[in-house]
Protein chains: 4
Amino acid sequence: MRGRRRALTREEREKQILNEAIHVFARKGYAATSVNDIVESAGVSRGTFYHYFSCKEDIFLRIIDLYFENLTELLTKNSVRIKRAIFGGGAFLYAWLDYALEFFRFHRDNPQLTHIIYRQAMGQEASFSKRLSDYVLLSRHILASELRMLAERNLIIKCDYDVSAAFITGAALEIIVHYVSTDKDYDMERIAFELVRNQSRALATDLGEVDRILEKMERGLAIKPPTLQDMMAQVPRTGTQ
Amino acid sequence: MRGRRRALTREEREKQILNEAIHVFARKGYAATSVNDIVESAGVSRGTFYHYFSCKEDIFLRIIDLYFENLTELLTKNSVRIKRAIFGGGAFLYAWLDYALEFFRFHRDNPQLTHIIYRQAMGQEASFSKRLSDYVLLSRHILASELRMLAERNLIIKCDYDVSAAFITGAALEIIVHYVSTDKDYDMERIAFELVRNQSRALATDLGEVDRILEKMERGLAIKPPTLQDMMAQVPRTGTQ
Amino acid sequence: MRGRRRALTREEREKQILNEAIHVFARKGYAATSVNDIVESAGVSRGTFYHYFSCKEDIFLRIIDLYFENLTELLTKNSVRIKRAIFGGGAFLYAWLDYALEFFRFHRDNPQLTHIIYRQAMGQEASFSKRLSDYVLLSRHILASELRMLAERNLIIKCDYDVSAAFITGAALEIIVHYVSTDKDYDMERIAFELVRNQSRALATDLGEVDRILEKMERGLAIKPPTLQDMMAQVPRTGTQ
Amino acid sequence: MRGRRRALTREEREKQILNEAIHVFARKGYAATSVNDIVESAGVSRGTFYHYFSCKEDIFLRIIDLYFENLTELLTKNSVRIKRAIFGGGAFLYAWLDYALEFFRFHRDNPQLTHIIYRQAMGQEASFSKRLSDYVLLSRHILASELRMLAERNLIIKCDYDVSAAFITGAALEIIVHYVSTDKDYDMERIAFELVRNQSRALATDLGEVDRILEKMERGLAIKPPTLQDMMAQVPRTGTQ
DNA sequence: AATGAATGAGTGTTCATTCAT
DNA sequence: GATGAATGAACACTCATTCAT
């Protein structure tokens with residue numbers, strides 16, 4: 001039984017093992033998952049596993065990295081949008097909703113990763129917590145600086161932006177993890193909207209306008225966010241302020 | 001060398017071992033903590049440990065129970081206050097702040113417990129997750145029904161109360177765990193106030209009044225909540241009752 | 001909870017613990033029975049147990065002794081009868097049947113003891129095997145010397161008496177243990193008769209006479225063995241030979 | 001220091017460990033034998049043991065199976081001989097003696113196995129007793145049906161065949177285990193002959209013929225059983241076939 | 001590159017026994 | 001005499017990791 005298997009490239013093989021590991025970890029948890037479980041699931045030998053990953057901890061860290069690389073990409077892309085919307089005027093709420101939607105969708109579409117990151121990675125090995133909190137602080141920092149930017153343009157109130165960023169991510173992840181762990185069906189767009197309503201009201205300077213837009217949004221659910229052009233056209237009056 | 005040590009009462013010894021276990025679990029995590037670590041730390045023998053706890057899982061579940069019994073007591077006590085405040089009129093914001101303060105203080109004063117519950121208990125043994133999510137759902141349900149009550153009295157907007165409750169607890173715990181895990185000093189009362197502001201604005205029907213009260217609160221930090229008598233005197237006019 | 005219990009005499013208490021131990025050992029086996037099981041069953045404390053028995057091995061040896069003391073008494077009593085019968089003439093078959101009956105009844109009436117001795121005592125601690133085989137050899141020796149006596153009077157054939165004694169006890173115990181371990185009903189007298197028939201034919205010098213007596217016995221089942229007087233009267237002709 | 005030792009094939013290694021285990025179990029008994037004892041004796045690591053056997057119980061059950069597989073093979077082979085002899089006429093006594101000889105030799109040549117099965121396997125784990133009594137009942141059943149066949153041909157008397165089978169196996173094993181456990185020399189052929197004499201007399205219809213053959217047998221010890229051809233030639237007269 | 005037999009430190013758990021009260 | 005809290009050696013078993021093939 002040696003060398004029989006069709007030669008995959010290093011990358012393919014590594015990807016394959018990583019994917020299986022995600023499934024097994026999500027199902028059984030880090031501690032309860034043995035290397036044996038992973039190699040059995042992936043159909044490779046123990047030796048092969050150690051060709052690609054230096055130890056059990058290593059593959060878990062790679063999974064954490066994978067999650068945050070994808071997440072960071074998403075955040076960065078949306079951060080650009082948010083900035084455009086801000087410069088485009090008050091319609092940033094739509095951008096925000098869009099942002100929230102993508103965030104929720106991302107987790108809904110990666111339930112195993114989500115489960116592993118927020119239910120398993122913390123409180124196990126010190127190395128996981130460290131890696132994780134580095135990433136989390138980074139994400140929160142990005143969000144906090146967006147909030148600062150909004151506050152500077154008087155679109156939201158002055159407050160402790162780091163704390164507010166923590167509130168927003170805490171609120172979002174609480175509900176995301178709740179639904180991801182549950183089998184129940186859920187209207188992810190509705191929940192994204194609820195979060196946007198919640199935090200836009202919480203932080204808005206001009207609540208009247210916010211309420212008006214939210215009302216419109218709610219009517220338009222499933223919500224089509226306006227295109228950038230729409231936004232530009234729609235809200236010229238606020239100016240760049 | 002058997003049966004030598006001075007016999008404590010069952011309760012004393014159990015309490016002692018439980019306390020040591022809390023420290024060790026908080027420091028090393030459930031999986032990385034061996035029964036040996038606990039008994040060494042407590043200065044008792046392996047056998048003694050198993051007199052009091054049927055297995056490693058058992059002592060961890062007892063810790064989870066301990067946390068939630070204390071928490072439930074706190075929640076129940078404050079729930080009464082909230083209801084009194086509601087029936088007393090608009091001053092419920094003070095009650096809410098008070099509620100938040102106690103919640104934050106409770107966790108600040110039990111950092112190990114907090115860390116164990118929110119960083120370690122989930123995603124390990126299925127029994128932990130089960131126990132934990134039972135409790136969490138219960139707590140959230142209590143909060144949701146308070147929100148409903150407020151909404152019925154038109155003090156807050158209509159919304160999905162369960163989702164909102166999740167937002168609030170998610171936001172609160174995110175920041176609590178952040179600070180508890182950090183060694184940094186932090187002004188717990190400030191953070192409690194930030195949360196109250198955040199969510200009272202997010203949910204308020206009458207934002208003007210809320211903003212006024214919040215401003216007063218903020219000036220008065222460290223915030224003395226008015227006594228019940230004050231509240232009764234202060235706001236008889238709303239009298240929805 | 002100290003010293004509350006009605007003071008039994010040493011002997012009563014010891015007897016009580018011993019009895020409970022017999023039940024527990026029979027149910028769970030020596031190795032699987034903990035001292036805890038015994039004291040719980042007896043409703044006494046661990047300490048009390050060690051007042052009466054020096055260790056777990058000790059109580060088991062006491063049980064072995066108990067069995068063999070009772071058995072030896074039975075064997076001795078019957079040995080006398082056999083001898084009387086021999087001197088009384090050919091009617092010793094009745095004595096033998098009687099002997100067998102008592103042997104079978106004894107085990108039927110002490111199923112736990114029987115089970116412990118023949119299913120558990122051997123092959124555990126070396127001390128058990130030693131004690132047991134001492135007793136067994138003794139019993140077998142008694143039987144062998146009875147066979148020798150019969151052979152000398154030409155009532156049975158010349159053979160290796162030790163080996164024959166082993167055959168007889170082996171045959172008897174095989175069927176006894178079989179039925180004791182089973183829940184099935186069984187006609188113990190029938191089986192005793194089968195054994196007597198089997199071995200009296202196997203060893204008889206005068207098969208014709210034996211067959212005649214066996215036939216009579218079988219007709220008379222449930223078999224009333226003749227009294228000693230009957231026997232004396234019935235078979236004077238063979239003389240003391 | 002891991003994975004260093006030269007790899008044997010699965011079968012070799014398993015066989016090796018099993019053999020060592022037989023020796024250790026026979027010497028110390030099941031309960032008193034630790035897995036450590038076995039692996040030390042076999043010169044392999046703990047881990048290796050668990051590669052081949054799922055638990056301590058498992059290896060013991062495998063030993064029980066090993067014994068009974070060999071025994072069953074022997075019984076089956078001889079059962080055929082017995083049947084041939086029966087159809088060949090009264091010379092079945094020779095077949096029976098042969099049968100007994102092989103049975104006795106088998107146990108003499110496997111003293112550890114014999115000791116484990118009849119001195120240790122019963123009265124320990126329930127699984128052992130179950131397995132064992134299944135096998136024993138099967139063996140006894142085979143013997144009983146042979147007895148029935150003989151009785152139907154009027155070669156032995158009518159009796160309870162199951163009980164008689166129990167007598168025979170009980171008698172045989174009692175003496176076998178006695179001698180196997182002892183260091184004493186013993187003439188196994190003599191004992192086999194004693195058993196055959198004992199039971200052929202006990203069950204014979206025509207004692208006269210049996211006694212004549214036994215006498216011839218005894219003179220011819222070490223007994224050469226006649227070849228099948230001899231038997232065919234010798235006893236054509238009965239010709240039930 | 002791939003294999004899987006082998007390793008052994010480490011785990012949770014049991015239980016006969018002791019002895020201060 | 002009776003108690004039961006305390007002991008700790010011993011156990012069965014696991015699993016991440018190695019390395020000869």
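So you know, we letter chains A, B, ... as the sequences are listed, proteins then strands, and number each from 1. Keep in mind that the numbers below use all heavy atoms, side chains included, and drop hydrogens, waters and symmetry copies.
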Nearest to the [X] side chain among [options], which nucleotide is it?
X	options	answer
B/Arg13	F/dA6, E/dC15, E/dA2	F/dA6
D/Val44	F/dT17, E/dT18, E/dT7	E/dT7
B/Cys55	E/dG12, E/dT13, F/dA12	E/dT13
B/Tyr50	F/dA6, E/dA6, E/dG12	E/dG12
A/Val35	F/dA6, F/dT17, F/dT3	F/dT17

Side-chain N,O (D/Ser45) to OP1/OP2 (E/dT7) below 4.0 Å: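 D/Ser45 to E/dT7 OP1/OP2: side-chain N or O found under 4.0 Å.
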OP1 or OP2 of E/dT3 under 4.0 Å from side-chain N/O of A/Thr48: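 Yes, because at least one side-chain N or O of A/Thr48 sits under 4.0 Å from OP1 or OP2 of E/dT3.
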Test item: C/Asp58 side-chain N/O and C/Ser54 main-chain N/O as donor-acceptor pair under 3.5 Å: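 Looks like yes, one N/O pair under 3.5 Å.
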Side-chain donor or acceptor of B/Gln124 paired with backbone N/O of B/Tyr30 under 3.5 Å: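 Absent.
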Separation of atom [atom1] in [X] from atom [atom2] in [N], rounded to whole Å:
X	N	atom1	atom2	result
C/Glu40	E/dA16	CD	C1'	15 Å
B/Phe49	F/dA9	CZ	C1'	18 Å
A/Lys28	F/dC15	NZ	C1'	12 Å
C/Ile38	E/dT17	CD1	C1'	13 Å
C/Phe60	E/dA16	CZ	P	14 Å
A/Ile59	F/dA16	CD1	C1'	13 Å
B/Phe53	F/dA5	CZ	C1'	14 Å
A/Tyr30	F/dC15	OH	P	13 Å

D/Arg46 or C/Asn36, whichever maps to the more 5' nucleotide of DNA chain E: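 Closer to the 5' end of DNA chain E: D/Arg46.
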Upstream residue (5' side of DNA chain E) when C/Thr33 and D/Arg10 are each assigned their closest nucleotide: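 Counting from the 5' end, the first nearest nucleotide belongs to D/Arg10.
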Sugar-phosphate, base or nothing in reach of D/Tyr52, heavy atoms under 4.0 Å: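 Sugar-phosphate only.
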Position toward the 5' end of DNA chain F (nearest nucleotide), D/Ser34 or D/Gly47: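 The residue whose closest nucleotide sits nearer the 5' end is D/Ser34.
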Test applied, side-chain contact (heavy atoms from CB on, under 4.5 Å); reference residue, D/Phe68; option that passes from D/Asn70, D/Leu66, D/Ile64, D/Asp65: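 The residue from D/Asn70, D/Leu66, D/Ile64, D/Asp65 that satisfies side-chain contact (heavy atoms from CB on, under 4.5 Å) with D/Phe68 turns out to be D/Ile64.
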To the nearest 0.5 Å, tell me how far [X] [atom1] sits from [Y] [atom2].
X	Y	atom1	atom2	result
A/Glu40	A/Ser34	CD	OG	7.5 Å
C/Leu61	C/Lys56	CG	NZ	12.5 Å
B/Met122	B/Lys130	CE	NZ	11.0 Å

Under-3.5 Å donor-acceptor pair between D/His51 side chain and E/dA5 base: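 In this structure, the two groups form no donor-acceptor pair.
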Watson-Crick/G-U partner (both atom distances under 3.5 Å) of F/dA20: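 Because both required distances fall under 3.5 Å, F/dA20 counts as paired with E/dT3.
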